[in-house]
Amino acid sequence: MNKKAKRKKVEKLKILVISGFLGAGKTTFIKEMVKNTKREYVIFENEFGDVNIDGEILRNNTEEMKENNQKNGNVELNVWELTSGCACCSTKADFISSLLVIDNTLNPDFLIVEPSGIAILSNILKNVTNTGYDRIKMFPPITIIDAGTYFKYKNKYDEIFIDQIKMAAYIQLSKVENMVDEELQLIYEDIKSFNPNADIFTNDYHNQNTDYWNALFSGELVKTENSDLIDVKNKMKNVTYKNSYADNPAIFVSFLEKLISGFYGDINRAKGVFKGNDYNMHFDVVDTNYNITILEDSSENKAVFIGNPIDKELLIKELDEMRNLK
Ligand SMILES: Nc1nc2c(ncn2[C@@H]2O[C@H](COP(=O)(O)OP(=O)(O)OP(=O)(O)O)[C@@H](O)[C@H]2O)c(=O)[nH]1
């Protein structure tokens, strides 16, 4: 909990929504933003699924930052998690009451809302502005888009994806390091055709200066309605698994290879921690890419798998088998 003097109660709670499809790079972007702006934030995480992975990543990151920045370590970050459903639909009452609790207890200068990757951005904006709570000021939202999966996901999950484009004031492409200018230009033009007014950034945000970061905290939300009717019910399934275990990295890699080949269904996103012998294997799967980081840390071993369809029975059976090897 933040021990600094609280924001004066006369000031409104300033909210920045950072949206983006599953695995687009929202959490990575927030980490970079925190590093570059050194403001006092509360991050409101709304994950799809009933375990929260990103909250832990953000918290660990802040601890690390505090240690590295002993001298000018004025970064304050609290992470608030809502895992009981999607903030844009059925549990919107939970979402709104969380906002009020955050304002009244943590009272941050800035609240960053990271909706789940399949959230309908227009619904989130509508929900927040319709709270009837006049102590909220919303900045124009930003959407992070994974350049590598842009056309694939835009076509496959068009309703969610295009709404996230249409409603954003800023659009930042991620994972652009290995892409050529022509590819980025095609994406830029396609995005423009859906949202001619957005500021679209196709260059790597890691190289941006403070003007870029400060611009995100200016202006006021104008557009909250998308005229298209959106129904995302049953678009995505998720499987969560606790006490995930793999005896060694080789076994874990062969599991991930099966996963990205479609053996357990069409899984677009998976993340979490598998316990190994004396270490933890942190992993991320986005589309057909995965990475594993081996750490000797005390993170809880749990994982989430998101996609549609998912062969849940087969997936759990094999996860159980890996665990029983122990
Ligand atoms: N190469 C590269 N990898 C990135 C970049 N941004 C994110 N990633 C990787 O993409 C994966 C997903 O990143 P996250 O930041 O967790 O994405 P997210 O949008 O928060 O994911 P969800 O909350 O699960 O929807 C991780 O493995 C990141 O390391 C980037 O700009 N370049």
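Just follow the structure's listing: the first ligand is 1, and inside any ligand the first atom is 1.
- The pair Asp284-Arg269 meets the salt-bridge criterion, with a side-chain N (NZ, NE, NH1 or NH2) lying under 4.0 Å from an Asp/Glu carboxylate O.
- Interface of Thr28 with ligand 1, defined as ligand atoms under 4.0 Å from a residue heavy atom, comprises 6 (N), 7 (C), 13 (O), 14 (P), 15 (O), 28 (C).
- The side-chain hydrogen bond (donor to acceptor under 3.5 Å, both in side chains) pairs that include a residue from residues 179-188 are Gln185-Glu189, where partners are two or more places apart or lie in different chains.
- One finds a salt bridge joining Glu321 and Lys317 here, because a Lys/Arg side-chain nitrogen approaches an Asp/Glu carboxylate oxygen to under 4.0 Å.
- In terms of the side chain to side chain contact (heavy atoms under 4.5 Å, CB included) criterion, residue partners of Ala147 (sequence neighbours excluded) are, by chain and number, Leu173, Val176, Met179, Leu184, Ile187.
- Contacts between Asn291 and ligand 1, counted as non-hydrogen atom pairs separated by less than 4.0 Å, involve the side chain only.
- Residue Glu114 places a heavy atom less than 4.0 Å from ligand 1.
- A salt bridge between Asp266 and Lys156 is present, with a side-chain N of the basic residue lying under 4.0 Å from a carboxylate O of the acidic one.
- Contact atoms of ligand 1 toward Gly25: 7 (C), 13 (O), 14 (P), 15 (O), 17 (O), 18 (P), 19 (O) (distance under 4.0 Å to a heavy atom of the residue).
- Close contacts of ligand 1 with Leu22, meaning ligand atoms under 4.0 Å from a residue heavy atom, involve 25 (O).
- Between Phe29 and Tyr212, the two ring planes are perpendicular [angle over 60°; tilted spans 30° to 60°].
- With a 4.0 Å cut-off on non-hydrogen atoms, Thr27 touches ligand 1 through its backbone as well as its side chain.
- Short contacts between ligand 1 and Lys271, defined as distances under 4.0 Å to a heavy atom of the residue, involve ligand atoms 22 (P), 23 (O), 24 (O).
- At under 3.5 Å, a nitrogen or oxygen of Ala24, whether backbone or side chain, sits near a nitrogen or oxygen of ligand 1.
- A salt bridge between Asp109 and Arg39 is absent, with no side-chain N of the basic residue lying under 4.0 Å from a carboxylate O of the acidic one.
- Distances shorter than 4.0 angstrom occur between a heavy atom of Gly23 and an atom of ligand 1.
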